[in-house]
**Student:** 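What follows is a structure written as structure tokens; I'll ask about it next.
What you are looking at is a predicted structure, and each value in this text was computed from that prediction instead of being measured.
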Amino acid sequence: MANSQRPQLQVLTTKIKINEIVQTFIFTFFALYVVMLFVITGLTSRKTDKMSYFTGNRKSPWFVVAYGMIGSSLSGVTFMSVPGDVYTTQFTYLGVVFGYILGYIVIGLLLLPLYYRLNVTSIYEYLGKRIGNEAHKTGALFFFLSRLLGSALRMYLVIFVLQIFVFDGWNIPIWATAIVMIAIILLYTFRGGIKTVVWTDMLQTTFLIGALIITIVVIMRNMGGSFSDIWAQMATVGKDGTDCRTVFNTDWRNNSYFLKQVIGGMFITISMTGLDQDMMQKNLSCKSLRESQRNMFSFTCILVVVNILFLLLGGMLLVFAQHNGVDVSQFPTDRIYPEIAFNYLGKVGALVFVFGLISAGFSSADGTFTALTTTVCYDLLDIEKRFPTEKQQINVRRIVHMVISMLFLTVILIVSQHHNDALIRIIFMVASYTYGPILGLFTFGMFTKREIPQSRRWLVPVIAIGIPVFCYILATHSQQWLFGYKFGYELLIVNGLLVFGALVAASRKQCRMMNAE
């Protein structure tokens, strides 16, 4: 479909013309960026074997994993939305960040010891050992669906933003942009897998954090004031003149209520990091449990600092906009950062935004390719039992990796041809609801000594599908049914608890003691 016929995302309906100098800078630096990725790929994929792809031979330096995981945890959507959302939700996102800290402590002290003790390649192997094959397959399939849709959509939105701001100016169609981006990720992850991803993520995290810091510096230089002056001016630049530095929302019915943010952030972290093969595969590539825990806690500290910088950038963008007569109220929040970067911060601002966005997109997608391939090979195909030789296993893994990349690209191309806000919301909703059943399954396995009889195990996938549907209905009608209450991140907890309760109801006391801890 031609660019002029493609439906436009509401947040980015205006094409921005960039001059030829900026285009040349972007193209040159992008070429150098890709060369650096493939240099790292060449170095890390030497002397690889079957387990290099899946576990990195358990030799990844913990500090490299910790630093690189920053890029993996911050998608391109986060790169744009966290600064932009400061306009409407102030600094209340800090509550979620505080919740992250609690969640990572749980992961480091509870989940990582479990995974290392069982010596799993895929974390969903635990569900099979503890509950049964049905739970194993259910957890793996829910992760596969969630990651495929969620990560593909996040990558698509990165591609879409770049298309509107950059590639449309070169008359390159969006399908070509998507194919090139996915091909690059496929090629540098194809051989080395997680061993390569750990090191390329370090490069991409550097570009992402660099873009963040350079943008802050460029804004300060453009405004010619001190940070304390800019900080003081943040008191009036929020929506309707509110103080964008506000951290605590005390309205319990609001979805940004502080306690909701903290609890929701904690369980989002436990579910979407601790129970997520993508994020845990990087942790499990460390040499030992102790090094993996060092990685997790170091990563937590860095992530908190980076998120605070994103919020500060959001406030500074609003002050900058006010000084330059930019009415940010006319833009949806996701557009504030790219609009100012491309139109008001010069070629440096445009350049660092592009590479920060690309780095966030690549570092989120490359781990997904490897994690989904691992899930299919170990959880769904049972590769080590069905394919006895290493050569067969490597061939199967390569085929699966190719298929995953094609599915990823297919989702992106379908969304690009039928792009509308409703479709994007549905895909994000599906991705967010699928972690509830995984949370419920792991909670049942780890905190009870009950088992589900063989004759009732068919209920596991039924429960895993039915509860999220019920939670969607509950969230849709919560304001009418619950005295104006609006669900936020805590809906994930409700989802997981209901799955847990249904599993308990379907279970009985164990006949054979299987200590899950």
**Student:** Side chains of residues 265-272: which donor-acceptor pairs under 3.5 Å do they make with residues two or more places apart or in other chains?
**Tutor:**
from: Thr269; atom 1: OG1; to: Gly265; atom 2: O; distance (Å): 2.9
from: Ser271; atom 1: OG; to: Phe267; atom 2: O; distance (Å): 3.0

**Student:** Got Met234 and Arg245 here, is their nearest side-chain heavy-atom distance under 4.5 Å?
**Tutor:**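 Touching, per the 4.5 Å side-chain cut-off.
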
**Student:** With no hydrogens and no angle check, is any side-chain donor or acceptor of Tyr115 less than 3.5 Å from a backbone partner on Gly274?
**Tutor:**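 Yes: the side chain of Tyr115 pairs with the backbone of Gly274.
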
**Student:** Under the criterion ring pair (Phe, Tyr, Trp, His ring centres under 6.0 Å), I'd like the reasoning laid out for Phe143 against Tyr124: C-alpha separation, chi angles, the key distance, then a yes or no.
**Tutor:** CA-CA 9 Å; Phe143 166 73; Tyr124 307 111; 5.4 Å; yes

**Student:** Centroid separation under 6.0 Å, is that true for the rings of Phe160 and Tyr156?
**Tutor:**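 Judged by ring-centre distance (under 6.0 Å), Tyr156 and Phe160 do meet the cut-off.
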
**Student:** Run the ring-centre check on Tyr104 versus Phe299 and record whether the distance is less than 6.0 Å.
**Tutor:** yes

**Student:** Salt bridge check: are Arg335 and Glu339 linked by an N-O gap of less than 4.0 Å?
**Tutor:** yes

**Student:** So, Thr196 and Thr44: side-chain donor and acceptor under 3.5 Å apart, yes or no?
**Tutor:**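 Yes - a donor-acceptor pair under 3.5 Å links their side chains.
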
**Student:** Drop me the distance from Leu345's CG to Leu351's CG, to the nearest 0.5 angstrom.
**Tutor:** 12.0 Å

**Student:** Roughly how far, to the nearest 0.5 Å, is the CG atom of Leu37 from the CG atom of Leu32?
**Tutor:** 11.0 Å

**Student:** Side chains of Phe353 and Leu212: does their closest heavy-atom pair fall under 4.5 Å?
**Tutor:** no

**Student:** Quick one: does Ser226's side chain have a donor or acceptor within less than 3.5 Å of a partner on Asp229's backbone?
**Tutor:**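 Flag set: sc Ser226 to bb Asp229 pair under 3.5 Å.
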
**Student:** Ignoring hydrogens, what is the shortest heavy-atom contact between Gly68 and Asp201? Give both atom names and the distance.
**Tutor:** O-CB, 3.5 Å

**Student:** Just so I know, are the side chains of Leu313 and Ile219 near enough to count as touching, which here means a heavy-atom distance under 4.5 Å?
**Tutor:** yes

**Student:** Any donor-acceptor pair under 3.5 Å linking the side chain of Ser292 with the backbone of Asn283?
**Tutor:** yes

**Student:** Would you call Met279 and Ser73 a side-chain contact if the rule is heavy atoms closer than 4.5 Å?
**Tutor:** yes

**Student:** Can you give me the closest heavy-atom contact between Val197 and Asp366, atom names plus distance?
**Tutor:** CG1-OD1, 3.7 Å

**Student:** Restricting to pairs with a member in residues 219-249, which pass ring pair (Phe, Tyr, Trp, His ring centres under 6.0 Å), not counting sequence neighbours?
**Tutor:** Phe248-Phe258

**Student:** Do side-chain atoms of Gln233 reach the backbone of His323 as a donor and acceptor pair under 3.5 angstrom?
**Tutor:** no

**Student:** Evaluate Phe310 against Tyr93 for ring pair (Phe, Tyr, Trp, His ring centres under 6.0 Å), listing each step before the verdict.
**Tutor:** CA-CA 10 Å; Phe310 268 116; Tyr93 183 70; 9.2 Å; no

**Student:** Measuring only between side-chain heavy atoms, which start at C-beta, is Val65 closer than 4.5 Å to Met202?
**Tutor:** no

**Student:** Would you check if the side chain of Ser146 reaches a backbone N or O of Phe142 as a donor-acceptor pair within less than 3.5 Å?
**Tutor:**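 It does not hold such a pair.
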
**Student:** Which pair of heavy atoms, one from Val319 and one from Met223, lies closest together, and at what distance?
**Tutor:**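 Where Val319 meets Met223 most closely, the heavy atoms are CG1-CE, 3.2 Å.
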
**Student:** In a check of side-chain hydrogen bond (donor to acceptor under 3.5 Å, both in side chains) between Tyr67 and each of Thr205, Thr206, Asn295, which one passes?
**Tutor:** Thr206

**Student:** Where do Val158 and Met181 land on the side-chain contact (heavy atoms from CB on, under 4.5 Å) test, with the steps shown first?
**Tutor:** CA-CA 10 Å; Val158 169; Met181 293 294 188; over 6 Å; no

**Student:** Work out which heavy atom in Leu491 is nearest to a heavy atom in Ala475; give both atom names and the distance.
**Tutor:**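 Of all heavy-atom pairs spanning Leu491 and Ala475, the closest is CD2-CB, 3.6 Å.
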
**Student:** Measure across Ile412 and Ala178 and return the closest heavy-atom pair with its distance rounded to 0.1 Å.
**Tutor:** CG2-CB, 3.9 Å

**Student:** Is it true that atom CE of Met402 has more than 12 heavy atoms of other residues, nucleotides or ligands lying nearer than 6.0 Å?
**Tutor:** no

**Student:** Ignoring hydrogens and geometry, is there a side-chain-to-backbone donor-acceptor pair from Ser151 to Leu148 under 3.5 Å?
**Tutor:**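 Judged by distance alone, no pair lies under 3.5 Å.
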
**Student:** Going by salt bridge (Lys or Arg N to Asp or Glu O under 4.0 Å), name the residues that satisfy it together with Arg294, two or more places apart in sequence or in a different chain.
**Tutor:** none

**Student:** State which residue, out of Gln281, His401, Gln277, fulfils the side-chain hydrogen bond (donor to acceptor under 3.5 Å, both in side chains) condition with Thr374.
**Tutor:**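 Testing each of Gln281, His401, Gln277 against Thr374, the sole residue satisfying side-chain hydrogen bond (donor to acceptor under 3.5 Å, both in side chains) is Gln281.
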
**Student:** Is the Phe30 ring parallel, tilted or perpendicular to the Phe355 ring (thresholds 30°, 60°)?
**Tutor:** tilted

**Student:** Side chains of Tyr116 and Ser288: do they bring a donor and an acceptor to under 3.5 Å?
**Tutor:**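 Side-chain D/A pair, Tyr116 to Ser288: absent.
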
**Student:** Do you know which two heavy atoms are closest between Ile184 and Phe38, and how far apart they sit?
**Tutor:** O-CZ, 4.0 Å

**Student:** So Met280 and Ile107, do their side chains get closer than 4.5 Å, heavy atoms only?
**Tutor:**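 Yes, close enough: below the 4.5 Å cut-off.
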
**Student:** Under the side-chain contact (heavy atoms from CB on, under 4.5 Å) rule, what do Leu284 and Ile123 come out as? Steps first, then yes or no, please.
**Tutor:** CA-CA 9 Å; Leu284 295 176; Ile123 62 174; 4.0 Å; yes

**Student:** Please tell me if the side chains of Phe342 and Val354 come closer than 4.5 Å, counting only heavy atoms from C-beta onward.
**Tutor:**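 The answer is yes; the side chains approach within 4.5 Å.
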
**Student:** Checking side-chain contact (heavy atoms from CB on, under 4.5 Å) for the pair Val97/Ile308: CA distance, chi angles, key distance, verdict?
**Tutor:** CA-CA 9 Å; Val97 176; Ile308 290 173; 5.6 Å; no

**Student:** Sequence neighbours excluded, which residues qualify as side-chain hydrogen bond (donor to acceptor under 3.5 Å, both in side chains) partners of Ser298?
**Tutor:**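 By the side-chain hydrogen bond (donor to acceptor under 3.5 Å, both in side chains) rule, Ser298 matches no residue at all.
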
**Student:** May I have the step-by-step check of side-chain contact (heavy atoms from CB on, under 4.5 Å) for Ile101 and Phe297, ending in yes or no?
**Tutor:** CA-CA 9 Å; Ile101 298 172; Phe297 299 137; over 6 Å; no

**Student:** Are the side chains of Tyr33 and Ser359 in touch, meaning some heavy atoms are under 4.5 Å apart?
**Tutor:** yes

**Student:** Sequence neighbours left out, what passes salt bridge (Lys or Arg N to Asp or Glu O under 4.0 Å) with Asp278? Give chain and number order.
**Tutor:** Arg147, Lys282

**Student:** May I have the list of side-chain donor-acceptor pairs in residues 324-332 shorter than 3.5 Å, sequence neighbours left out?
**Tutor:**
from: Asn324; atom 1: ND2; to: Phe320; atom 2: O; distance (Å): 2.8
from: Asp327; atom 1: OD1; to: Ser329; atom 2: N; distance (Å): 3.2
from: Asp327; atom 1: OD1; to: Ser329; atom 2: OG; distance (Å): 2.5
from: Asp327; atom 1: OD2; to: Ser329; atom 2: OG; distance (Å): 3.2
from: Gln330; atom 1: NE2; to: Asp327; atom 2: O; distance (Å): 3.1

**Student:** Between the side chains of Tyr435 and Asp276, does any donor sit under 3.5 Å from an acceptor?
**Tutor:** yes

**Student:** In terms of ring plane angle, is the pair Tyr188 and Phe362 parallel, tilted or perpendicular, where the classes change at 30° and 60°?
**Tutor:** tilted

**Student:** Donor-acceptor pair, Gln90 side chain versus Thr88 backbone, under 3.5 Å?
**Tutor:**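 Yes; at least one donor-acceptor contact below 3.5 Å.
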
**Student:** Would Thr333 and Asp85 count as having a side-chain donor-acceptor pair, cut-off 3.5 Å?
**Tutor:**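 Looking only at side-chain atoms, Asp85 and Thr333 do form a donor-acceptor pair, the distance falling under 3.5 Å.
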
**Student:** Short question: side chain of Asn307, backbone of Leu303 - any donor-acceptor pair under 3.5 Å?
**Tutor:** yes

